[in-house]
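As structure tokens, the structure follows; a few thoughts come after it.
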Amino acid sequence: MARLLVLALLLVLATPGSEALPVLVPVTKDPKTSLYTIPFHDGAALVLDTAGPLVWTTCQPDHHPAVLACTSPTCKLANGFPFPGCRSSSSGSSCPPNSHNKCTVYPYNPVTGSCAPGDLSHTRFVANTTDGRNPVSQVSVKAIAACVSLGDNKKLLEKLPLGSAGVAGLAGTGLALPAQVAGSQRLPKKFLLCLSRGGVYGPGVAVFGSGGPLFLLRDQPEYTQSLTYTPLVVTKKGSPAYYVSVKSILLENTPVRLPKKALATGGAVLCTRTPYTLLRRDVYRPFLAAFEKALAKQIPWAKKARSPVKQLKLCYEANTLPNGLSGYLVPSVALAMEGGGSWTMTGSSSMVDVKPGTACLAFVEMEGVKEGDASAPAVLVGGFQMENFVLQFDLEKKRLGFFRLPVFTQCGHFNFTRTG
Ligand SMILES: *[C@@H]1O[C@H](CO)[C@@H](O)[C@H](O)[C@H]1NC(C)=O
Ligand SMILES: *[C@@H]1O[C@H](CO)[C@@H](O)[C@H](O)[C@H]1NC(C)=O
């Protein structure tokens with residue numbers, strides 16, 4: 001009898017998540033920087049950084065947050081992923097002589113790389129729960145974030161969207177937002193990301209503590225049923241970013257000829273810090289040449305245009321490209337992923353209208369990286385190429401699920417009318 005009771009108790013304790021709902025936030029694209037932001041609390045917006053290991057905000061004036069002690073294990077965790085060039089605790093101890101027992105961390109700006117000291121403190125993340133269709137009710141999620149006094153550190157917000165007050169790291173590490181929400185709300189360590197192109201399309205969504213369901217329009221199917229999976233690769237370099245393995249790049253189903261092992265060298269990373277996908281030079285140059293050739297074969301009358309943007313090297317007069325529901329009808333680009341799936345991009349994901357009448361290939365050569373430099377990833381999938389894909393980051397099963405939304409459906413279609 002006692003045994004049964006214990007068993008029943010264990011069962012109850014083992015299913016604490018049965019009532020907790022996942023946590024939803026709208027994700028807004030900033031037109032100027034092409035970065036994505038989420039509301040955090042009290043009107044503060046934070047920039048999403050898929051490779052960021054921490055959450056940090058500027059300190060609110062007259063607000064004295066509860067600061068963690070430098071002796072706490074959490075402090076050690078927070079200093080576990082120092083950004084190259086940032087001064088982490090110089091003495092190697094997390095309690096250097098002048099620390100006054102406060103936990104100091106060095107958050108960084110993911111765009112400029114500048115960093116500044118901040119206090120690791122308790123805070124709250126205010127959002128709504130969701131059933132996958134609508135917001136249900138407001139929640140205040142306990143979280144730990146670094147708070148940086150802007151005074152001497154004005155540069156820390158440089159090049160971030162106007163009005164943003166910090167960064168929400170989404171990496172797979174203990175103090176990034178996904179693990180914190182999962183821990184505080186007792187939810188699975190998974191999250192969904194559906195980025196919208198912004199502007200007239202409305203905000204996209206992020207759902208923490210859930211691998212699904214996700215509905216975007218009434219009477220439409222549930223999208224996480226259709227995901228294709230690829231393993232999230234653990235790198236030895238200690239980078240908190242999400243690495244995946246790309247086997248080959250195809251243009252209209254024909255593999256682009258790349259130097260041997262080019263893709264295996266450095267791997268591929270998902271990164272919302274860069275607007276367009278970056279390719280390392282040894283991958284970019286053959287890819288660009290192959291795309292130009294494939295396009296000329298498919299659309300012989302296409303007229304090339306001068307690029308209005310330095311980084312975008314291959315542009316066309318838009319009115320010479322056929323156009324369809326899935327964007328310009330240019331050769332499709334597919335990343336053949338480990339696991340057999342294919343991340344396929346039609347014109348709406350591969351071409352960008354840089355100015356009226358000019359459409360450019362939205363892939364960019366990585367700068368400051370040498371040919372085949374193994375310390376740089378071969379492919380850095382940027383925000384533009386993630387838009388209108390449902391992405392499921394499953395930190396428990398260590399895999400990424402991806403699914404391109406059908407034409408007519410957008411990440412901006414999520415229904416933000418509350419039902420609770
Ligand atoms: C929760 O959802 C309601 C309804 O959409 C919205 O007005 C409110 O701003 C949301 N709250 C947060 C914190 O996002
Ligand atoms: C959005 O959700 C609300 C609440 O369920 C519903 O009444 C409304 O019809 C939905 N809007 C659309 C466009 O589906």
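Atoms within a ligand are numbered from 1 in the order they appear, just like the ligands themselves. Bear in mind that the values here come from a model prediction, so they are computed numbers and not experimental data.
- Thr346 contributes a side-chain N or O that, together with a main-chain N or O of Ser326, makes up a donor-acceptor pair within less than 3.5 Å.
- Aromatic ring pairs are classed by plane angle as parallel below 30°, tilted from 30° to 60° and perpendicular above 60°; the pair Phe393 and Tyr242 is tilted.
- Per-residue contacts place Phe416 under 4.0 angstrom from the following atoms of ligand 1 (heavy atoms of the residue considered): 4 (C), 5 (O).
- Atom 14 (O) of ligand 2 lies below 4.0 Å from at least one non-hydrogen atom of the protein.
- Within 6.0 Å of the CZ atom in Arg133, the count of heavy atoms belonging to other residues, nucleotides or ligands does not exceed 12.
- Atoms of ligand 1 lying under 4.0 Å from at least one heavy atom of Arg418, given by number and element, are 1 (C), 2 (O), 3 (C), 4 (C).
- Using a 4.0 Å cut-off between charged side-chain N and carboxylate O, Lys189 and Glu396 make no salt bridge.
- For atom 6 (C) of ligand 2, the nearest non-hydrogen atom from the set Asn415, Thr417, Thr419 comes from Asn415.
- Distance from atom 12 (C) of ligand 1 to its nearest protein heavy atom, with residue and atom name: Asn128 ND2, 3.5 Å.
- At a heavy-atom cutoff of 4.0 Å, ligand 2 is contacted by the side chain of Asn134 but not by its backbone.
- Not a single heavy atom of Pro39 sits under 4.0 Å from any atom of ligand 1.
- Side chain of Asp119 to backbone of Ser121: no donor-acceptor contact under 3.5 angstrom is found.
- Shown in contact with Val126 at under 4.0 Å from a heavy atom are these atoms of ligand 1, numbered in order with element: 13 (C).
- Under 3.5 Å, the side chains of Gln392 and Tyr223 contain no donor-acceptor pair of N or O atoms.
- By the definition of a contact as any protein heavy atom under 4.0 Å away, atom 10 (C) of ligand 2 is in contact.
- For the residue pair Thr277/Gln385, the side-chain donor-acceptor check at 3.5 Å is satisfied.
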